[in-house]
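As structure tokens, the structure follows; a few thoughts come after it.
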Amino acid sequence: MAFLHRSIRPVSTLTIALSKGRIFDETLPLLAAAGIVPTEDPETSRKLILPTGRPGVAVVIVRASDVPTYVRYGAADLGVAGKDVLLEHGGDGLYQPLDLEIARCRMAVATKRGFDWSGTVQRGARIRVATKYVNTAREHFATKGMHVDLIKLYGSMELAPLCGLADAIVDLVSTGNTLKANDLVVVEDIMPISARLVVNPAALKLKRDGIQPLLRALAAAVVDRRKERS
Ligand code: AMP
């Protein structure tokens, strides 16, 4: 598949995989600083391959959790994926040269307000935890020597403790408004999360002339943005 893909595209073409929403919106200014501006908005266009103002560079719109897969198989040369997604995916076969410092949030454990989390942990009681991030959660609780039953969910995790499906959830928290609206509170911080640039290692070699200047421009844009904020 990867060979077919390469044979029908000129080597100079660069494809960047992005997911709609927060990652797309926050990557846009960084790409613009590198001279790459998509000519259509994925929120209004139904196109999944968006041309950009720079000839030979296209953006493909994929689901956030599919970004590592597209880049790993070389269907996209580069992509932007949250650290949460990369931890779950494993990140195998991906070069991760740059923390873009966007889509920042934290991964945390939350329970219903009033749930005696520390008491339950101290008693060594079996705890049920619902999450989309089963690998990250498993590792977190294993490191703490805690035995938990993990329940994999695909949609709103916040609902699980409210319906008695789980005692706790592991989820991303940004403003904290979603937890608050559902009477949930953070009981443990797991790690800070932000989006990373991922690159296909073979593309980095074969398309070095296209990719290296882009990496440099993106790294400079990240530094400029950090300076603006401080
Ligand atoms: P908030 O109410 O701002 O704390 O946002 C929480 C909701 O947004 C949860 O459903 C999270 O899964 C989701 N969320 C927050 N930050 C991110 C992020 N950086 N990437 C993806 N989803 C996020």
Q: Show your reasoning for whether side chain to side chain contact (heavy atoms under 4.5 Å, CB included) applies to Leu50 and Ser45.
A: CA-CA 9 Å; Leu50 307 177; Ser45 169; 4.3 Å; yes

Q. Under the side chain to side chain contact (heavy atoms under 4.5 Å, CB included) criterion, do Trp117 and Val109 qualify, and how do the steps go?
A. CA-CA 10 Å; Trp117 175 256; Val109 184; 3.9 Å; yes

**Q.** Test log, rule side chain to side chain contact (heavy atoms under 4.5 Å, CB included), inputs Thr131 and Leu153
**A.** CA-CA 5 Å; Thr131 187; Leu153 285 181; over 6 Å; no

Q: Verify side chain to side chain contact (heavy atoms under 4.5 Å, CB included) between Asn135 and Leu87, making sure each step is shown before the conclusion.
A: CA-CA 8 Å; Asn135 293 333; Leu87 286 172; over 6 Å; no

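Side-chain contact between His140 and Met146 is absent, with no heavy atoms from C-beta onward closer than 4.5 Å. The shortest side-chain heavy-atom distance between Ser194 and Leu100 does not fall under the 4.5 Å cut-off. For the pair Ile61 and Phe24, the minimum side-chain heavy-atom distance is below 4.5 Å. Taking the side chain as every heavy atom from C-beta outward, Thr111 and Leu184 never approach each other to under 4.5 Å. Contact of the Val80 side chain with the Val198 side chain is not registered, since no non-hydrogen atoms from C-beta on lie closer than 4.5 Å. The side-chain heavy atoms of Arg126 and Asp149, taken from C-beta on, include a pair separated by under 4.5 Å. For the pair Leu78/Ile211, a side-chain contact is recorded, criterion being any heavy-atom separation below 4.5 Å from C-beta on. In this structure the side chain of Val173 reaches within 4.5 angstrom of the side chain of Leu179, judged on heavy atoms.
Considering all non-hydrogen atoms of both residues, Ala58 and Ile49 come closest at CB-CG2, 4.1 Å. Shown here for Ala17 and Ala76, the closest heavy-atom pair between the two residues is CB-CB, 3.7 Å. Annotation for Leu30 and Val222: closest pair CD2-N, 4.2 Å, computed over non-hydrogen atoms. The two atoms that bring Ala219 and Leu98 nearest to each other are N-CD2, 3.6 Å, heavy atoms only. Across all non-hydrogen atoms, the minimal contact from Leu86 to Ala81 is CD1-O, 3.9 Å. Shortest non-hydrogen contact noted between Ala103 and Ile23 is CB-CD1, 4.4 Å.
We find the CZ-CG distance between Arg225 and Leu218 to be 12.0 Å, quoted to the nearest 0.5 Å. We find the NE2-CZ distance between His147 and Phe141 to be 13.0 Å, quoted to the nearest 0.5 Å. Asp116 contributes atom CG, which lies 11.5 Å from atom CG of Asp167 (distance to the nearest 0.5 angstrom). Summarising the geometry, atom CG belonging to Asp66 is positioned 13.5 Å from atom CZ belonging to Arg72; distances are rounded to the nearest 0.5 Å. Between Met157 atom CE and Asp171 atom CG the span is 3.5 Å, to the nearest 0.5 Å. For the atom pair OG1 (Thr27) and CD1 (Ile16), the distance works out to 9.5 Å, reported to the nearest 0.5 Å.
Qualifying side chain to side chain contact (heavy atoms under 4.5 Å, CB included) partners for Leu172, counting only residues two or more places apart in sequence or in other chains: Asp84, Cys105, Met107, Tyr133, Ile193.
For the pair Thr39 (side chain) and Gly53 (backbone), a donor-acceptor distance under 3.5 Å is absent. For the pair Asn182 (side chain) and Glu158 (backbone), a donor-acceptor distance under 3.5 Å is absent. The main-chain N or O of Thr136 is found under 3.5 Å from a side-chain atom of Glu88 such that the two form a donor-acceptor pair.
Under a hydrophobic-cluster definition in which Ile, Leu, Val, Met, Phe, Trp and Tyr are linked whenever side-chain heavy atoms come within less than 4.5 Å, directly or via other members, Val37 and Leu214 are assigned to different clusters. Grouping the Ile, Leu, Val, Met, Phe, Trp and Tyr side chains by contacts below 4.5 angstrom, directly or via other members, places Val223 apart from Ile102. By the rule that hydrophobic residues join a cluster once side-chain heavy atoms approach within less than 4.5 Å of another member, Ile36 and Leu204 end up as members of one cluster. Tyr73 and Val85 sit in two unconnected hydrophobic clusters of ILVMFWY residues. Membership requires side-chain heavy atoms under 4.5 Å apart, directly or through other members. Tracing side-chain contacts under 4.5 Å through hydrophobic residues (I, L, V, M, F, W, Y), one reaches Val60 starting from Val67; they form part of the same cluster.
The salt bridge (charged side-chain N to carboxylate O under 4.0 Å, His left out) analysis of residues 89-111, with sequence neighbours excluded, yields the pairs Asp99-Arg196, Glu101-Arg226, Arg106-Asp189.
At a cut-off of 3.5 Å, with distance as the only test, a side-chain donor of Arg63 or Ser65 sits close to an acceptor on the other residue.
In Lys227, the NZ atom is not crowded: 12 or fewer heavy atoms of neighbouring residues, nucleotides or ligands sit closer than 6.0 Å. Taking a 6.0 Å sphere around NZ of Lys132, one finds it holds 12 or fewer heavy atoms contributed by other residues, nucleotides or ligands. Within a 6.0 Å radius of CD in Gln212, more than 12 heavy atoms belonging to other residues, nucleotides or ligands are found.
The pair Asp77-Lys207 counts as a salt bridge, with a side-chain nitrogen and a carboxylate oxygen less than 4.0 angstrom apart.
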